[in-house]
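Here the structure comes first, spelled out in structure tokens, and everything after it is commentary.
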Amino acid sequence: MWSGTLHSILESNGIRNIKLEDIRPFLNIGFTWHSPDTPHSIFLNGKTWWEYMNEYLVEVYEKVGIGKNDTKNRLNFLR
């Protein structure tokens with residue numbers, strides 16, 4: 001689900017050189033459900049869920065070669 005959403009955002013912004021398979025490996029960790037024994041308050045480190053998720057998804061985009069500033073603009077409408 002998340003990998004498809006991130007890929008769709010890229011494609012809708014004219015970025016077609018990154019494949020879904022490029023994004024998928026970076027989404028195997030980093031979500032609250034990957035650490036069910038960790039309280040959300042600790043996992044999110046004082047951030048709201050969306051603040052944490054936006055930072056995390058920016059990192060995923062950076063790992064596949066999308067610049068940080070460009071990424072933040074694309075994710076603002078995700079909520």
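As the structure is a computational prediction, the values presented were derived from the model and not from experiment.
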Shortest non-hydrogen separation from Pro25 to Glu21 and the atoms involved:
CD-O, 3.1 Å

Rounded to the nearest 0.5 Å, what separation is found between the CE atom of Met53 and the OG1 atom of Thr48?
11.0 Å

Any chance you could measure Lys19, atom NZ, to Arg24, atom CZ, to the nearest 0.5 Å?
13.0 Å

Which value, rounded to the nearest 0.5 Å, describes the distance between Phe26 atom CZ and Leu57 atom CG?
13.0 Å

Short question: side chain of Tyr61, backbone of Leu6 - any donor-acceptor pair under 3.5 Å?
yes

Considering all heavy atoms, the nearest Glu51-Lys47 contact:
OE1-CA, 3.3 Å

Drop me the distance from Tyr56's OH to Trp49's CH2, to the nearest 0.5 angstrom.
11.5 Å

Measure the spacing between CG of Leu10 and CD1 of Ile66 and express it to the nearest 0.5 Å.
5.0 Å

Shortest non-hydrogen contact from Val64 to Asp22?
CG1-O, 3.4 Å

Aromatic plane relationship, Phe31 with His34 - under 30° parallel, 30 to 60° tilted, over 60° perpendicular:
perpendicular

Atom pair CG (Leu20) and OG (Ser3), whose distance is rounded to the nearest 0.5 Å:
4.5 Å

Those residues at least two apart in sequence (or on a different chain) that pass side chain to side chain contact (heavy atoms under 4.5 Å, CB included) with His40 are Thr32, Leu44

For Leu27 and Trp2 the tightest heavy-atom approach is CD1-C, 3.8 Å

